[in-house]
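In what follows, chains are A, B, ... by sequence order, proteins preceding strands, each numbered from 1. All values below come from the heavy atoms of this structure, side chains included, with hydrogens, waters and symmetry mates left out.
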There are 2 protein chains.
Amino acid sequence: MTDPVKHTEALGRVLELVVVLSDDMSRSLAAQGLTDARAHLLWELHERGPSTQRVLAEALRVSPRNITGLVDALVATGFVTREPHPTDRRATLVTFTEHGATIAAGLERDQHEFARILFEGMPDDRVTALVEGLDEVLARLRAHGVSLDARPDESEAAR
Amino acid sequence: MTDPVKHTEALGRVLELVVVLSDDMSRSLAAQGLTDARAHLLWELHERGPSTQRVLAEALRVSPRNITGLVDALVATGFVTREPHPTDRRATLVTFTEHGATIAAGLERDQHEFARILFEGMPDDRVTALVEGLDEVLARLRAHGVSLDARPDESEAAR
DNA sequence: CGACATAGTGAAGGTGCATCATCATGACGG
DNA sequence: CCGTCATGATGATGCACCTTCACTATGTCG
């Protein structure tokens with residue numbers, strides 16, 4: 001039971017944070033000439049190193065076809081290049097240009113900067129409480145069957 | 001100072017929650033034949049009652065032109081109708097059909113259901129801590145100049 | 001070698017968003 | 001009363017993201 005009203009209030013806070021945060025991050029990315037999707041791709045590339053488009057498609061959870069377009073755009077703006085895969089002639093390795101690598105490193109700095117803005121000076125126990133609270137919420141979501149790759153199978157039967 | 005690593009971890013949790021949550025909500029909406037934007041419009045209509053498209057555009061923070069399309073879609077699927085404004089012949093009042101009102105009420109139930117899934121059984125003090133933590137983060141975001149209607153003026157000068 | 005799987009792309013389409021131009025109507029000062 | 005300006009909605013275009021289906025080129029395995 002606990003308090004349903006408080007629960008709805010908490011959900012409201014989470015949703016508000018979602019809106020404000022994603023809005024601000026998008027704006028910050030746009031200032032660097034990046035869209036959300038392209039920045040996401042750059043980020044994955046930054047963490048994985050040169051990758052095939054197939055791998056990127058799975059990382060971003062989008063169709064391989066879509067990756068083609070994103071890579072096209074990033075190639076056009078000089079952030080990445082397509083290199084032949086050394087052993088598989090079907091595949092291409094998406095690789096940073098120098099410029100792209102610089103930008104990607106900047107994304108990481110931006111993330112730290114963001115964390116600093118949000119949490120700097122906040123008491124440690126408060127941050128810990130927040131992380132634990134969010135972890136529990138995430139755990140509940142997963143327990144409820146939100147696996148983040150739930151295919152639209154015949155899973156949903158309720159209602 | 002406090003701990004930068006913990007801060008980055010906390011940001012990671014927030015971002016993960018954003019992804020998982022919005023993904024799940026989208027799926028839940030799609031199951032009712034609604035896209036995110038159309039559901040958002042329905043939600044505003046539910047909270048405001050019959051509204052002009054202009055008002056909806058401001059509520060959703062999108063261009064009036066875009067509202068025309070969303071309303072078109074909702075009219076086509078029978079969720080809303082366009083009624084003439086009683087006093088201003090330029091304007092139209094977007095109004096629920098019976099079906100639309102039912103669906104909108106369902107959205108509200110869904111939100112409560114969602115809150116229940118996320119928080120039911122969680123100790124009250126934990127929920128409170130979470131809300132307070134999120135409030136502080138939101139306050140910091142705003143203090144940092146994220147006003148949610150920051151026009152791309154000449155505000156950004158840094159970097 | 002033949003059957004099948006896999007990497008990437010062309011074609012076509014849906015959705016959400018934007019801007020600019022246009023039309024009809026409202027509001028206000030002279 | 002009327003001209004001017006503001007405002008509500010929409011037509012026309014265009015971009016970004018995403019999808020599915022079809023197809024080519026290549027890898028893999030019996």
Side-chain N or O of [X] closer than 4.0 Å to phosphate OP1/OP2 of [N]:
{"X": "A:T68", "N": "C:dT9", "answer": "yes"}
{"X": "B:R54", "N": "C:dG26", "answer": "no"}
{"X": "B:T92", "N": "D:dA9", "answer": "yes"}

Is there a side-chain contact between [X] and [Y] (heavy atoms, below 4.5 Å)?
{"X": "A:L141", "Y": "B:L118", "result": "yes"}
{"X": "A:M25", "Y": "B:L15", "result": "yes"}
{"X": "A:V71", "Y": "A:T92", "result": "no"}
{"X": "A:Q111", "Y": "A:W43", "result": "yes"}
{"X": "A:R142", "Y": "B:V20", "result": "yes"}

When you check the gap from the basic side-chain N to the acidic O, do B:E132 and A:R126 get nearer than 4.0 Å?
->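 Result for this pair is yes, salt bridge flagged.
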Using a strict 4.0 Å threshold on nitrogen-to-oxygen distance, state whether B:R13 and B:E16 make a salt bridge.
->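 So B:R13 does not pair with B:E16 through a salt bridge.
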Determine the contact category for B:L70: base if any of its heavy atoms lies under 4.0 Å from a base atom, sugar-phosphate if only primed atoms, P, OP1 or OP2 are that close, otherwise nothing.
-> sugar-phosphate
Tell me which of B:T52 and A:D36 sits closer to the 5' end of DNA chain D, going by the nucleotide each one is nearest to.
-> B:T52
In whole angstroms, how far is the [atom2] atom of [N] from the [atom1] atom of [X]?
{"X": "A:L34", "N": "D:dC15", "atom1": "CG", "atom2": "P", "value": "19 Å"}
{"X": "B:L29", "N": "C:dG16", "atom1": "CG", "atom2": "P", "value": "11 Å"}
{"X": "A:H40", "N": "D:dA16", "atom1": "NE2", "atom2": "C1'", "value": "16 Å"}
{"X": "B:E58", "N": "D:dA9", "atom1": "CD", "atom2": "P", "value": "10 Å"}
{"X": "B:I67", "N": "D:dG8", "atom1": "CD1", "atom2": "P", "value": "13 Å"}
{"X": "B:D72", "N": "C:dT15", "atom1": "CG", "atom2": "P", "value": "12 Å"}

For B:R38 and A:A91, take the nucleotide of DNA chain C holding the closest heavy atom to each; which residue's nucleotide lies nearer the 5' end?
-> A:A91
What does nucleotides 19-30 of chain D look like as a protein-contact string, B for base, S for sugar-phosphate only, - for none, at under 4.0 angstrom between heavy atoms?
-> BB----BBS---
